[in-house]
Engineer: 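After the structure tokens below, expect a handful of questions from me.
Atom set for the values below is all heavy atoms of this structure, side chains included, hydrogens, waters and symmetry mates excluded.
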Amino acid sequence: MARLIIMGGGVSGHTAASFAKKWLGNEHEVVVVTPNSLWNWIPSNIFVGIGEMTKEDVTFPLAPVYKKAGIDYRQAKAVSVHPEGKTEDDTPFITIEYTGQGKEGQAEELTYDYLINATGPKLNFDATPGLGDGKGHLGEHTVSVCTADHAVHASLELKALAEKMKAGEKKRILVGLGHGMCTCQGAAFEYIFNVDHYLKQEGVRDKATITYISNEYELGDFGVGGMHIKSGGYVTSGKVFAESLYTERGIRWITRAHVNKVEADKVHYETLDGEMHEEAYDFAMLIPPFAGAGLTATAKDGSDMSSVIFAPNTMMKVDADYESGARGFENWSPNDWPSTLQNPTYKNIFAVGIAFAPPHFISKPMSSPNGTAINPTPPRTGMPSAMMGKAVAASICDMIKGVSDTPTHTANMAEMGAACVASTGKGLLNGTAVSMTMYPVVPDYNKYEYGRDLNGTFGTIGLAGHWVKLLLHYGFIWKAKLKPGWTLIPE
Amino acid sequence: MKHIEQYEQSGYTPVSGKFTLFLRNCVIWQIIQFAWINLKMTILIVKSHH
Ligand SMILES: Cc1cc2nc3c(=O)[nH]c(=O)nc-3n(C[C@H](O)[C@H](O)[C@H](O)COP(=O)(O)OP(=O)(O)OC[C@H]3O[C@@H](n4cnc5c(N)ncnc54)[C@H](O)[C@@H]3O)c2cc1C
């Protein structure tokens, strides 16, 4: 009997665990180590953040789902990886620290035959002074929608703000990215338009100035170097459509910005030209930069060997070309991106979703004359993350069953597309969302004139997008609960 | 609300006309769009699985 351990039960880890258990059956063990008792459909946190959904609408308890599926669930966080075992025993293992199940604080060692790192992002609020509390959590000045609890807090603050506007006060709202090296622009994009929509519904939009602040070079970059789509006889940059939407909704934007300090009523930021600015606010939602989960690796003799399997930001090394970053933007190639997501040193370790270390950015690296890096880091959104989870689970199952010694499936961001539905306001008949697809995620200028296949890359805004968003919400929660027919819902 | 400010950001962007805005929430047109978006996304998913 082989044991597969999956560290992290989010989008990619839960997908990997569910498929692995289905394919391996009871002959082998599938263990999930994840610190939260609830699974969260993160994209719908946007609706929680404006009070249109509750925490209960976007979360469900994992324990009964894993019990039904026969998955061994440990409510714990993984702390360290020991790929060579100990001096007296070669069996690889991880150490975990329980966060629930009545064993809070207890440590345990779990041996594995195969290991998947799906620990997602560490929300690195403390990277920007004032954005964090100095202890790794969200600070007191701004709100966030990155977790369901953060989103509940954001909705309460927004509601209180709307009440003051109803009493005649004018308010300044700032939404965006809280650091020059952030990813996840899509979440900020969705939240700002949902705030705009919410304030209109509350009848107080005229009392608010809304500003977007971003590390993107231009609006519509989204960390993927922007995209071109065919529209009205033109091949047009997504920047044009994004700016059009911001203008239509009366939202001002600040781009090329690195927020370097957050105070109670203003942010300080540096722009790519090296100038320093301030922006005052009454309500701010700023996405933090992401880092790896902070796992360490230990060698057989007890010495630290984290740098062998982890990049400096603690994201895990996989089969990417990590030398390629230094070759410069002009020489980057789709071949730099990982395919099997297998660790090159330890072939029984894989990383999926945000936990794998990308070889370099997708957007062009930029820095100000002061040397401050200001550009988005590469996104790994829900669809690619889930696809990686499924592909790696399939490879590992084949390796366990003796079908192959090497991974049989790939999930390369240079060969896969991404579908994204970005809400711009909730409402069954008056809602809208931008529906986008891009193929591939990592542009290939040798193959495609505009970096991507113009037939597979499109964007449209309208009510249908909102319906798709709702369909995804209910469909993916159904799928994640492993309810009948869950395998028919595509990643 | 005045959307266009000369010599400001908003002065240089295309803005949607009334018909485009109407179509965005026109239920019949959006039902067609719904089918179209789902088709585009399905093709993308099929192309992306390796
Ligand atoms: C507000 C918001 C809106 C978004 N909207 C969209 C959208 O509309 N469409 C889209 O495609 N993507 C969206 N995304 C991005 C999407 O949520 C991520 O791409 C996706 O969740 C990444 O999957 P993951 O498995 O890598 O990480 P996660 O889903 O974050 O899962 C990581 C898991 O690992 C656990 N973990 C952390 N540390 C440890 C540890 N030490 N040991 C064990 N487990 C650990 C975490 O608790 C978590 O359960 C959004 C993101 C945000 C923040």
Side-chain angles (χ1 to χ4, degrees), chain A residues 205-206 219 232 236 239-254 339 383-384 387 390-391 409-413 415-419 421 424 427 429-433 435-441 453 455-458 460-468 471-472 490-491, chain B:
Chain A
R205 178 61 182 90
D206 59 330
L219 287 186
T236 309
K239 160 186 152 70
V240 174
F241 295 102
E243 290 185 348
S244 168
L245 190 60
Y246 280 77
T247 298
E248 188 184 304
R249 299 288 189 92
I251 298 172
R252 188 180 136 240
W253 63 90
I254 301 165
S339 286
M383 183 181 154
M387 281 188 170
K390 187 176 180 183
H409 289 69
T410 59
N412 186 326
M413 282 175 44
E415 289 168 11
M416 72 164 89
V421 185
T424 44
L429 291 178
N430 70 352
T432 49
S435 308
M436 285 179 278
T437 64
M438 68 176 79
Y439 184 89
V441 177
D453 178 1
N455 293 321
T457 304
F458 92 112
T460 178
I461 177 169
L463 177 60
H466 179 65
W467 294 338
V468 177
L471 191 73
L472 295 178
E491 289 69 48
Chain B
M1 188 190 301
K2 192 175 152 199
H3 284 310
I4 304 299
E5 293 289 349
Q6 269 190 307
Y7 298 97
E8 296 285 333
Q9 289 174 327
S10 61
Y12 298 93
T13 60
V15 279
S16 310
K18 279 191 179 140
F19 186 62
T20 303
L21 289 175
F22 163 76
L23 283 182
R24 278 190 200 160
N25 286 83
C26 165
V27 173
I28 302 201
W29 176 243
Q30 290 301 319
I31 289 172
I32 299 166
Q33 287 286 300
F34 182 74
W36 175 239
I37 293 167
N38 277 295
L39 179 72
K40 292 287 266 187
M41 290 188 173
T42 307
I43 293 170
L44 183 87
I45 290 163
V46 171
K47 262 169 83 173
S48 297
H49 275 281
H50 294 276

Engineer: For B:Ile37, does its backbone N or O pair with a side-chain atom of A:Ser435 as donor and acceptor, under 3.5 Å?
Structural biologist: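 No; judged by distance alone, with no hydrogens or angles, the pair does not exist.
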Engineer: With A:Leu463, which of B:Leu23, B:Ile31, B:Asn25 fulfils side-chain contact (heavy atoms from CB on, under 4.5 Å)?
Structural biologist: B:Asn25
Engineer: So which part of B:Ile43 gets closer than 4.5 Å to some heavy atom of chain A, the side chain, the backbone, both or neither?
Structural biologist: neither
Engineer: Would you say CG of B:Leu39 has more than 12 non-hydrogen atoms from neighbouring residues, nucleotides or ligands within 6.0 angstrom?
Structural biologist: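 Check passes, neighbour count above 12.
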Engineer: Tell me, do A:Glu248 and B:Leu21 make a side-chain contact under 4.5 Å, heavy atoms counted?
Structural biologist: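 Yes; the side chains approach each other to less than 4.5 Å.
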Engineer: Just do the side chain to side chain contact (heavy atoms under 4.5 Å, CB included) check on A:Asp453 and B:Lys47 with the steps written out, would you?
Structural biologist: CA-CA 12 Å; A:Asp453 178 1; B:Lys47 262 169 83 173; 2.9 Å; yes
Engineer: Walk me through it: do B:Met41 and A:Val421 pass the test side chain to side chain contact (heavy atoms under 4.5 Å, CB included)?
Structural biologist: CA-CA 10 Å; B:Met41 290 188 173; A:Val421 185; 3.6 Å; yes
Engineer: Determine whether A:Thr247 and B:Ser10 satisfy the following criterion, side-chain hydrogen bond (donor to acceptor under 3.5 Å, both in side chains), listing intermediate values before the conclusion.
Structural biologist: CA-CA 5 Å; A:Thr247 298; B:Ser10 61; 5.4 Å; no
Engineer: Taking side chain as everything from C-beta outward and backbone as N, CA, C, O, which of these in A:Val441 sits under 4.5 Å from a heavy atom of chain B? Side chain, backbone, both or neither.
Structural biologist: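 Answer is neither: A:Val441 stays 4.5 Å or more from chain B.
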Engineer: Begin with the C-alpha distance, continue with both residues' side-chain angles, and end with the deciding distance and a verdict on side chain to side chain contact (heavy atoms under 4.5 Å, CB included) for B:Asn38 and A:Leu471.
Structural biologist: CA-CA 10 Å; B:Asn38 277 295; A:Leu471 191 73; 4.0 Å; yes
Engineer: What part of A:Asn455 is in contact with chain B, defined as an atom under 4.5 angstrom from a non-hydrogen atom: side chain, backbone, both or neither?
Structural biologist: backbone
Engineer: Taking the side chain as every heavy atom from C-beta outward, state whether A:Met387 and B:Ser48 have any atom pair closer than 4.5 Å.
Structural biologist: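 Side chain of A:Met387 against side chain of B:Ser48, heavy atoms only: contact under 4.5 Å found.
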Engineer: So which heavy atom on A:Ala464 is nearest to which on B:Gln33, and how close?
Structural biologist: CB-CB, 3.8 Å
Engineer: Find out whether A:Arg252 and B:Gln9 are in side-chain contact, i.e. whether some heavy atom of one side chain is under 4.5 Å from a heavy atom of the other.
Structural biologist: yes
Engineer: Name the region of A:Lys239, side chain, backbone, both or neither, that has any atom closer than 4.5 Å to a heavy atom of chain B.
Structural biologist: neither
Engineer: So what's closer than 4.5 Å to chain B heavy atoms on A:Met436: side chain, backbone, both or neither?
Structural biologist: backbone
Engineer: Could you have a look at A:Met383, A:His466, A:Met438 and say which one has the most heavy-atom pairs with chain B under 4.5 angstrom?
Structural biologist: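 If we count pairs closer than 4.5 Å to chain B, A:Met383 comes out on top.
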Engineer: Between A:Ile461 and B:Arg24, is a side chain to side chain contact (heavy atoms under 4.5 Å, CB included) present by the stated rule, with each step listed?
Structural biologist: CA-CA 7 Å; A:Ile461 177 169; B:Arg24 278 190 200 160; 3.4 Å; yes
Engineer: Identify which of A:Phe241, A:Tyr246, A:Trp253 forms the greatest number of heavy-atom pairs closer than 4.5 Å to chain B.
Structural biologist: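 So the answer, after comparing A:Phe241, A:Tyr246, A:Trp253, is A:Trp253.
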Engineer: Under a 4.5 Å heavy-atom cutoff, which of A:Pro440, A:Ala418, A:Gly456, A:Gly465 has the most pairs with chain B?
Structural biologist: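 Ranked by heavy-atom pairs under 4.5 Å with chain B, first place is A:Ala418.
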Engineer: Of all the heavy-atom pairs spanning A:Ser244 and B:Pro14, show the shortest one and how long it is.
Structural biologist: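 Where A:Ser244 meets B:Pro14 most closely, the heavy atoms are OG-O, 2.8 Å.
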